[in-house]
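Indexing begins at 1, ligand by ligand and atom by atom, following the structure's order. We use all heavy atoms of the structure for the numbers below, so side chains are in, but hydrogens, waters and symmetry mates are not. All figures in this text were calculated on a predicted structure; none of them were measured in a lab.
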Amino acid sequence: MYAQMVKSTGTGVKSTEEMSAEERAFQARIDAGEKIEPKDWMPEGYRKTLIRQIGQHAHSEIVGQLPEGNWITRAPTLERKAILLAKVQDEAGHGLYLYCAAETLGVSRDEMTEMLLDGRMKYSSIFNYPTLTWADMGAVGWLVDGAAIMNQVPLQRTSFGPYSRAMIRVCKEESFHQRQGFDIMMKMAQGTPQQKAMAQDALNRFWYPALMMFGPSDKDSVHSAQSMAWKIKMNTNDELRQKFVDQTVPQAEYLGLTVPDENLKWNEEKGGYDFSEPDWEEFFEVIKGNGPCNTDRLAARNKAWDDGKWVREGLMAHAEKKRARKMAAE
Ligand code: BYC
């Protein structure tokens with residue numbers, strides 16, 4: 001059993017002997033590959049970790065609409081505009097499935113939103129970087145959605161049923177997103193020298209932020225050991241980062257673009273690329289709220305929340321009236 005393997009590692013993961021009978025039975029279900037459903041007994045830490053991760057994931061989908069939404073009105077053709085619009089709408093849908101999955105754990109969407117708005121909950125670091133040119137729409141689809149797929153495909157097998165099912169749908173849509181990004185990059189890379197330079201510039205700016213999406217290096221990851229024991233996470237941050245690099249470098253070569261890393265080199269022995277780590281100081285600054293766009297992103301979400309107040313209140317008043325009418329008729 002995984003729980004036994006990680007016994008007394010100092011990772012905070014309980015050994016089998018340290019677990020209560022309920023926790024042991026729960027861990028045995030996880031180890032047997034069973035799905036945990038909302039009404040099943042679960043340790044409080046499992047519930048909290050899921051709320052944190054699914055909530056953060058939901059917020060990322062919602063905040064993630066902002067950098068791309070920025071380009072809908074400036075897409076170069078009607079077709080590109082329609083595709084980008086559809087993609088951004090998909091992200092809203094992903095956010096909603098994920099909020100619903102988190103709600104099954106006993107937290108409301110409004111509570112999670114309030115925690116995002118006052119900084120108690122995070123969203124992915126990547127969305128704190130600006131999208132400066134049309135080529136950035138290509139880089140975001142190719143690299144950001146590409147990293148998201150790398151992370152989310154294994155999450156289809158995550159132990160919590162509603163999260164796992166949401167991921168199956170999300171991943172189908174993410175594949176389309178990644179292809180549309182790569183398609184933009186192909187057009188730009190095969191275009192005029194100026195267009196190719198824009199594509200290269202977008203790759204230069206998004207490469208390291210995309211690597212950061214997988215989280216800190218394993219030695220600094222606080223939650224990985226417990227999350228993997230509970231199958232909330234299926235891989236470590238470094239494993240997924242490595243897979244992403246191995247998958248993406250040949251794609252960059254195909255585009256005729258250069259990955260901005262002088263240390264990038266195929267390592268025959270490990271069967272993967274050696275590459276430079278991102279600037280982890282920058283990563284921790286960004287997740288603390290000091291990235292290039294954190295203030296703008298939260299201001300946009302706060303404004304949307306405030307502007308929507310009258311709609312929420314109207315809907316609640318309508319629901320209350322309907323309920324009272326139904327009660328009076330009974
Ligand atoms: N950004 O112990 P660790 C998308 C935090 S949306 C910000 O390794 P964990 C898309 C972490 O929360 C992509 N914070 O954490 C949408 C923790 O802090 P707290 C979103 C990060 O949870 C629209 C601390 O650092 N995908 O694809 O085991 C358009 C220590 O880290 C980040 C998901 O959310 C980060 N990058 O692992 C296009 C996937 N990394 O909470 C695309 C689901 C780490 O203790 N999430 N932190 O204060 C996961 O798989 C995991 O939560 C992570 C982090 C791998 C991200």
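Selection from Tyr163, Phe214, Tyr123 by nearest heavy atom to atom 43 (C) of ligand 1 gives Tyr163. Taking each of Asp218, Ile54, Ile232, Asp145 in turn, the one with a heavy atom nearest to atom 38 (C) of ligand 1 proves to be Asp145. Comparing heavy-atom distances from atom 4 (C) of ligand 1 across Ala225, Gly55, Ala210, Ala148 singles out Ala148 as nearest. Taking all heavy atoms of Ser125, Ser221, Pro67, Ala92 into account, the minimum distance to atom 1 (N) of ligand 1 is reached by Ser125.
In terms of the salt bridge (Lys or Arg N to Asp or Glu O under 4.0 Å) criterion, Glu22 has no residue partners (sequence neighbours excluded). Shown here are the side-chain contact (heavy atoms from CB on, under 4.5 Å) partners of Lys219, two or more places apart in sequence or in another chain: Ser217.
Using a 3.5 Å distance cut-off with no hydrogens or angles, the side chains of Gln242 and Asp246 do pair a donor with an acceptor. For the residue pair Asn290/Glu285, the side-chain donor-acceptor check at 3.5 Å is satisfied.
A distance of 13.5 Å separates NZ in Lys303 from CG in Asp296, rounded to the nearest 0.5 Å.
For a threshold of 3.5 Å applied to N or O pairs, the pair formed by Asn237 and ligand 1 contains at least one separation below that value. Some N or O of Asn151 is nearer than 3.5 Å to an N or O of ligand 1, by distance alone.
Of the heavy atoms in Gln152, only side-chain atoms (C-beta onward) come closer than 4.0 Å to ligand 1.
For atom 53 (C) of ligand 1, the protein comes within 4.0 Å by no heavy atom at all.
Within the structure, the closest approach of Met121 to ligand 1 does not fall below 4.0 Å when heavy atoms are considered.
Annotation: Arg120, atom CZ; neighbour count of heavy atoms from other residues, nucleotides and ligands within 6.0 Å is above 12.
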